[in-house]
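Step one of this worksheet: look at the structure below.
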Amino acid sequence: MSAGYHIVVCGGIVPDPLQTLEPVKGPAGWGLKNELMLPAILDPWAGHALFEAANLAKNAPGSKVWLVSMGPKAKLQQVMMTIAQKVPFELVVLDGPAGGFVEAQAVGTALAEAIEAIPGLDKSRLLVFGGWMSASRGAGATLQIVGEKLGIFEQFQGVDKLEVQSGGALRLLERVEGGSYQESTLDGPPAVVGWATGELPEPPNNPQVGMQNMRLVMPALQKAKPVKVEGGPEYLSVQVPSQKRETRVVKDTPVDEIAKEIVDWLKA
C-alpha cells in the first residue's frame, strides 16, 4: 500500500505479574488488594502488538501508529516512561479502570469511541492491533467488540505473523491446534489483528524515540477523557492459589538417571 497504514494498537496496563495479586471486594466492586500500590506494566500481549505495529509502519512509508489505552492516568504515566522509549507512537488516553474486573463490552465500546474520535484517521487504511488475550482476566473478547463497533468484520485472532505481499495483500498466520497455523490472505485494510506473541523481540530503549514520544504523551495524559465503566462479573468467592513446591536433594546422581526420572515424570 503506497499511502501506508493507520495502525491503532489497543493496549491496557496490568499489575506486574511478579507481585501477589489478591482479589478483594470493595465498595466499588471487585478489585485487587492494594491495587494502587502495585507496579504496572503494559499488557504483554498488547506489547507484542505494539512492536509488530511499529515494525510494519517502519516498512510502509506514510504509516502512523496510535496507542489507545484505558487506565488510571498516574499508572499510565508510569508505564509510558518505559514504553515510550521502545517505538514511535501517538498516545490516546482514556482515564478509567484497568483492573480486569469490568465487562469487555463496556471497555470495547469506550475504546471504539476513542478510535472513532482520532483526528485524521483514515478507516480505509485502518488496522486495529491488540492482544489476542490479556494478562488481566483474559476474556479474549474486547478486541473483537472494538472491531464490531467500528464495522470491521475481517478479524484474525492468535496471529503470529503478518506479511505485506506484492499488490498490498496481507498474509496472516493464526495459531490453531497442535502448533499448526491457519493461513489467510486479505486484500487489504481495514482489519482487526489480535496478536499472540508475534515474531519480534522487545526493542531496546532508544532515548531519542523516548523524547519524541514524551512530547505528545504528557499532553495526551492531561487531556485524558474520563470513562465511567459500571457493572462487571460477580464472584461468590475468590482465593489465591496456594504455593506448592516439592524439592528433593540427592547428591551425585548420574545425568542419565536424572533425565530418565524427568521423562518418567512427564509421562506420568
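- Applying the side-chain hydrogen bond (donor to acceptor under 3.5 Å, both in side chains) test to every pair with at least one member in residues 185-198, sequence neighbours left out, gives these pairs: Asp160-Thr197, Arg175-Thr197.
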Under 3.5 Å, which donor-acceptor pairs link side chains of residues 256-268 to any protein atom two or more places apart or in another chain?
{"unit_1": "Lys260", "atom_1": "NZ", "unit_2": "Asp264", "atom_2": "OD2", "d": "3.0"}
{"unit_1": "Glu261", "atom_1": "OE1", "unit_2": "Arg248", "atom_2": "NH2", "d": "3.4"}
{"unit_1": "Glu261", "atom_1": "OE2", "unit_2": "Arg248", "atom_2": "NH2", "d": "2.0"}

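- At distances below 3.5 Å, at least one donor-acceptor pair connects side-chain atoms of Asn213 with backbone N or O atoms of Phe89.
- With rounding to the nearest 0.5 angstrom, the CD1 atom of Ile41 is 10.0 Å from the OG1 atom of Thr82.
- The cluster map of Ile, Leu, Val, Met, Phe, Trp and Tyr, joined by side-chain heavy atoms under 4.5 Å apart, puts Met218 and Leu91 in the same cluster.
- Screening residues 140-155 for side-chain hydrogen bond (donor to acceptor under 3.5 Å, both in side chains), with sequence neighbours left out, gives no hits.
- In plain terms, the two heavy atoms of Lys73 and Ala224 that are nearest each other are CD-CB, 3.5 Å.
- Qualifying side chain to side chain contact (heavy atoms under 4.5 Å, CB included) partners for Glu174, counting only residues two or more places apart in sequence or in other chains: Phe156, Val159, Gln182, Ser184.
- Every pair tested for salt bridge (charged side-chain N to carboxylate O under 4.0 Å, His left out) that includes a residue from residues 43-60 fails, sequence neighbours excluded, so the list is empty.
- Rounded to the nearest 0.5 Å, atoms CD1 (Ile83) and CD1 (Ile13) are 11.0 Å apart.
- Going from atom CG of Leu170 over to atom CG of Leu162 covers 5.0 Å, rounded to the nearest 0.5 Å.
- A pairwise comparison of heavy atoms in Ala46 and Gly12 identifies CB-N, 4.4 Å as the closest pair.
- Listed by chain and number, the residues in a salt bridge (Lys or Arg N to Asp or Glu O under 4.0 Å) with Asp122 are Arg125 (sequence neighbours excluded).
- Between Ala196 and Trp132, the shortest heavy-atom distance links the atoms CB-CE3, 3.9 Å.
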Applying side chain to side chain contact (heavy atoms under 4.5 Å, CB included) to Val192 and Val146, what does each step give before you reach the verdict?
CA-CA 9 Å; Val192 171; Val146 171; over 6 Å; no

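- Qualifying side chain to side chain contact (heavy atoms under 4.5 Å, CB included) partners for Ser166, counting only residues two or more places apart in sequence or in other chains: none.
- The salt bridge (Lys or Arg N to Asp or Glu O under 4.0 Å) check on Glu202 picks up Lys86, with sequence neighbours excluded.
- Pro88 approaches Val209 most closely through the heavy-atom pair N-CG1, 3.7 Å.
- Nearest heavy-atom pair across Ile145 and Thr109 is CG2-N, 4.4 Å.
- Taken from NZ in Lys123 to CD1 in Ile115, the straight-line distance is 9.5 Å, to the nearest 0.5 Å.
- Here the rule is side chain to side chain contact (heavy atoms under 4.5 Å, CB included) with Leu42, and of Leu50, Val14, Leu76, Val9 only Leu50 fits it.
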Report all side-chain donor-acceptor pairs from residues 62-71 shorter than 3.5 Å, counting only partners two or more places apart or in another chain.
{"unit_1": "Ser63", "atom_1": "OG", "unit_2": "Tyr5", "atom_2": "N", "d": "2.7"}
{"unit_1": "Ser63", "atom_1": "OG", "unit_2": "Ala60", "atom_2": "O", "d": "2.7"}
{"unit_1": "Lys64", "atom_1": "NZ", "unit_2": "Glu90", "atom_2": "OE1", "d": "2.8"}
{"unit_1": "Ser69", "atom_1": "OG", "unit_2": "Gly11", "atom_2": "O", "d": "2.6"}

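- Residues satisfying the side chain to side chain contact (heavy atoms under 4.5 Å, CB included) criterion with Glu183, sequence neighbours excluded, are Arg171, Leu173.
- To the nearest 0.5 angstrom, Ile7 atom CD1 is 11.5 Å from Leu121 atom CG.
- Going from atom NZ of Lys75 over to atom CG of Asp95 covers 13.5 Å, rounded to the nearest 0.5 Å.
- Without hydrogens or angle criteria, Gln85 side chain to Met81 main chain gives a donor-acceptor distance under 3.5 Å.
- Under the rule for a side chain to side chain contact (heavy atoms under 4.5 Å, CB included), the partners of Arg215 that lie at least two apart in sequence or sit in another chain are Gln212.
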Please walk me through it: do Leu111 and Leu94 pass side chain to side chain contact (heavy atoms under 4.5 Å, CB included)?
CA-CA 8 Å; Leu111 293 175; Leu94 297 176; 3.9 Å; yes

So Lys223 and Val93, side chain to side chain contact (heavy atoms under 4.5 Å, CB included) or not? Walk me through it.
CA-CA 8 Å; Lys223 293 187 298 184; Val93 179; over 6 Å; no

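- Its side chain outside the 4.5 Å cluster rule for every partner, Val255 clusters with none of the Ile, Leu, Val, Met, Phe, Trp and Tyr residues.
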